[in-house]
**Q** 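What follows is a single structure, and I will ask about it in a moment.
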Amino acid sequence: MAQVISISQIADYVGQEVIVRGWVYDRTDKGKLQFIQVRDGSGIVQCVAYKPDLDEAVFEQASKLTQESSLIVTGIVKVNEKAKKSVPAGFEIGLQNLEVIQVAGEYPITPKEHGTEFLMDNRHLWLRSLRQWAILRIRATLARALTDWLDDRGYLRVDTPILTPAAGEETTTLFEIDYFGESAYLAQTGQLYNEANMMAFGKVYTFSPSFRAEKSKTRRHLMEFWHLEPEAAFMSLEEMMELEEQLLAYAVGRVLEKHQYELAIIERDLSKLESIKAPFARISYDDAVERLKAIAAQTDDPEQKKLLEIEWGSDFGSPHETALAEQFDRPVFVYHYPSAIKAFYMQPVAGRPEVCRSVDLLAPEGYGEITGGSERIHDPALIDARIDTIGIAREAYAWYLDLRKYGTVPHAGFGLGLERTLTWICGLPHVREAIPYARMLNRKYP
RNA sequence: UCCACAGUAGCUCAACGGCAGAGCAACCGGCUGUUAACCGGUGGGUUCCAGGUUCGAAUCCUGGCUGUGGAGCCA
């Protein structure tokens, strides 16, 4: 009796009769000869139906198959270098029998080109396409690699709430919802809760969606994104940078190791990933501003010159991030940003309170900021004063202030945007392809 | 929120003041090695919406809607 197999394992079954259950990815009809590409989620295999070798009814059924029809095929696995569309390539199945579950109706996503809006409207179907399949498989490995690395180093995953009573950072970017007649907000970060958890468990992280109601319409923004946020007691900014570079180098290495096939499907330049090794460069904000001024001075294009204008004290825009990152072949840390442009809980630099112990990591190739973090203020009086300065509702932060009353310690943490990191690793043109169902300014369907 | 561009067949686009078209998809037929197969045939339109200019508007004008790219802001 033939065995049901996963296409990904097909190499183990050459010469054997097997059963594959899945969907028609593509089909070519040559008259007495048909090529049917069948995918099962793990891969794609070309099934060959030759009329004289088959029961007439089976051949007839095969000739009526449409794109995405569901079916169960039985046949003999063969090696054939002409099976270029198979994933893994080079294997095909000589069709013997066929059970059609459904002949699918006219499928919207044809093998021809489509526009972004159309594909996003059909995202629930687009996921079946080879390129999207490859990207989301890499996403799963990336997420797994990041959490594995932290787990292996004693970081405890402690989940933080998504429904929260107050802002994590600033009030302007919150999704407000009705909570039995009171206001609640979707979490924009798990960070404040991480600080409480860190005091209980030492080294913690949270990995969950974060929500930003920002009216941003760029290739790097999502309203809902997956946020990995480690936080550790007694960790310094310098130790955190080492952690980040090792974490990312490991994750990129895992992707390279497991996904040669997928990276080839998305045509990623592997040399760009192979160079991602610790250590990454570290430059101060002061240095970064000087570098940007120098880059701007050397630029002939007046438009670019204007975009690159910068004064000490301003935050970087994406043209700045891109220009800085272009100077390096791997991500680059920028540390000690002005306190005024960073969150209220960031620790001032000793003797230089106008800058803080913060660090952002900028990805190469113009992919921008993929992590942001800092040492947190641990002095009770200072954090108290900061909460007053920014004028947020003090009662909502009573529990947070408690953390500084009962055994406060120096600590640090950062947040990593999974989709931005994946967009960079995969070399994608837009973050919307890095998440199964992107939530964007103009899109919440499907 | 600002700037730029776009919206025509299921999809990708052409026609740019004078009969609304092509390729793909669908359907019918042909073909034994296809790789976005190929060849022949058939069907398919509220030209985003509302107003205006004109003998005549997909085309020009005004307003709106939707989307795309970029900026700001951020991971």
**Q** Measuring only the C1' atom in each nucleotide, how far is rG29(B) from rU35(B)? A whole number of Å is fine.
**A** 24 Å

**Q** Does E262(A) come within less than 4.0 Å of R268(A), counting only side-chain N to carboxylate O?
**A** no

**Q** Is R254(A) salt-bridged to D148(A), going by a charged N under 4.0 Å from an acidic O?
**A** yes

**Q** Is D53(A) salt-bridged to K51(A), going by a charged N under 4.0 Å from an acidic O?
**A** no

**Q** Between E195(A) and Q191(A), is a side-chain hydrogen bond (donor to acceptor under 3.5 Å, both in side chains) present by the stated rule, with each step listed?
**A** CA-CA 6 Å; E195(A) 291 187 59; Q191(A) 125 109 60; 2.5 Å; yes

**Q** Report the distance from atom CG of D29(A) to atom C1' of rC27(B), rounded to the nearest whole Å.
**A** 14 Å

**Q** Are OP1 or OP2 of rC74(B) and a side-chain N or O of K217(A) less than 4.0 angstrom apart?
**A** no

**Q** Could you tell me whether the side chain of Q46(A) has a donor or acceptor atom within less than 3.5 Å of a complementary atom in the base of rU35(B)?
**A** no

**Q** Is the distance between the ring centroids of Y285(A) and W312(A) less than 6.0 Å?
**A** yes

**Q** If we ignore angles and hydrogens, is there a donor and acceptor under 3.5 Å between the side chains of T371(A) and E244(A)?
**A** yes

**Q** Looking at rG33(B), does its base get a donor-acceptor pair with the side chain of E92(A) below 3.5 Å?
**A** yes

**Q** Side chain of F118(A): nearest nucleotide among rU1(B), rG10(B), rG33(B)?
**A** rG10(B)

**Q** Roughly how far apart, to the nearest Å, are rA75(B) and rC61(B) at atom P?
**A** 43 Å

**Q** Could you measure between the two C1' atoms, the one in rC19(B) and the one in rC48(B), and give it in whole Å?
**A** 24 Å

**Q** From the list rC27(B), rA36(B), rC74(B), which nucleotide is the closest neighbour of the side chain of E214(A)?
**A** rC74(B)

**Q** When you measure from the side chain of K85(A), which nucleotide among rU68(B), rA71(B), rA37(B) comes out closest?
**A** rA37(B)

**Q** When the distance from CD of E244(A) to P of rA75(B) is rounded to whole Å, what number comes out?
**A** 12 Å

**Q** Please report the distance separating the C1' of rG56(B) from the corresponding atom of rA71(B), rounded so that it comes out in whole Å.
**A** 43 Å

**Q** Mind calculating the distance between CG (N442(A)) and P (rA6(B)) to the nearest angstrom?
**A** 19 Å

**Q** Whole angstrom is fine here: how far is it from CD in Q67(A) over to C1' in rA36(B)?
**A** 11 Å

**Q** Roughly how many Å is it from CG in L308(A) to P in rA71(B), rounded to a whole number?
**A** 11 Å

**Q** Would you tell me whether N80(A) and E92(A) have side-chain atoms, one donor and one acceptor, within less than 3.5 Å of each other?
**A** yes

**Q** Of all of residues 419-438 of chain A, which get a heavy atom below 4.0 angstrom from RNA chain B, listed by number?
**A** R420(A), H430(A), R432(A)

**Q** Using a 4.0 Å heavy-atom cut-off across all strands, classify L222(A) as base, sugar-phosphate, or nothing.
**A** base

**Q** Report the residue (F225(A) or L307(A)) whose heavy-atom-nearest nucleotide on RNA chain B is the more 5′ of the two.
**A** L307(A)

**Q** For nucleotides rA36(B) and rG72(B), find the distance between their P atoms and express it as a whole number of Å.
**A** 40 Å

**Q** Could you tell me how far apart Y107(A) (OH) and rG10(B) (P) are, to the nearest whole angstrom?
**A** 19 Å

**Q** Check whether H320(A) reaches the backbone of L307(A) with its side chain - one donor and one acceptor, N or O, closer than 3.5 Å.
**A** yes

**Q** G368(A) near the nucleic acid: base, sugar-phosphate alone, or nothing, with a heavy-atom cut-off under 4.0 Å?
**A** nothing

**Q** So, does the side chain of S216(A) form a donor-acceptor pair with the base of rC73(B) at under 3.5 Å?
**A** yes

**Q** Name the orientation class of the two ring planes belonging to F175(A) and F211(A) (parallel below 30°, tilted from 30 to 60°, perpendicular beyond 60°).
**A** perpendicular

**Q** Could you tell me how far rC13(B) sits from rG52(B) if I compare only their C1' atoms? Round to whole Å.
**A** 29 Å

**Q** With a 3.5 Å cut-off and just heavy-atom distances, do the side chain of H114(A) and the base of rC11(B) make a donor-acceptor pair?
**A** no

**Q** According to salt bridge (charged side-chain N to carboxylate O under 4.0 Å, His left out), does anything in residues 65-76 of chain A pair up with another residue at least two apart or in another chain? List the pairs.
**A** R39(A)-E68(A), E68(A)-R128(A)

**Q** Quick check on rG33(B): is either OP1 or OP2 less than 4.0 Å from any side-chain nitrogen or oxygen of K30(A)?
**A** yes

**Q** Just compare rU34(B), rG33(B), rC74(B) and give me whichever is closest to any side-chain atom of L33(A).
**A** rG33(B)

**Q** Could you work out which one of rU66(B), rA26(B), rA37(B) sits closest to the side chain of E117(A)?
**A** rU66(B)

**Q** In the structure shown, which nucleotide is the Watson-Crick or G-U wobble counterpart of rC38(B), with both distances under 3.5 Å?
**A** rG30(B)

**Q** Starting at NZ of K82(A) and ending at C1' of rA37(B), how long is that distance when rounded to a whole Å?
**A** 14 Å

**Q** Would you measure the distance from the P atom in rU34(B) across to the matching atom in rG67(B) and give it in whole Å?
**A** 44 Å

**Q** Any N or O donor-acceptor pair linking the side chain of K112(A) to the base of rA36(B) at under 3.5 Å?
**A** yes

**Q** Is I370(A) touching bases, backbone alone, or none of the nucleic acid, heavy atoms closer than 4.0 Å?
**A** sugar-phosphate

**Q** Taking the C1' atom in each of rG43(B) and rA25(B), what is the distance between them to the nearest angstrom?
**A** 13 Å

**Q** Take F35(A) and E369(A), find for each the nucleotide of RNA chain B with the closest heavy atom, and name the residue whose nucleotide sits nearer the 5' end.
**A** F35(A)

**Q** Taking 4.0 Å as the cut-off, does a side-chain nitrogen or oxygen of S318(A) come that near to OP1 or OP2 on rA71(B)?
**A** yes

**Q** Rounded to the nearest angstrom, tell me the gap between atom CD in Q37(A) and atom C1' in rA36(B).
**A** 12 Å

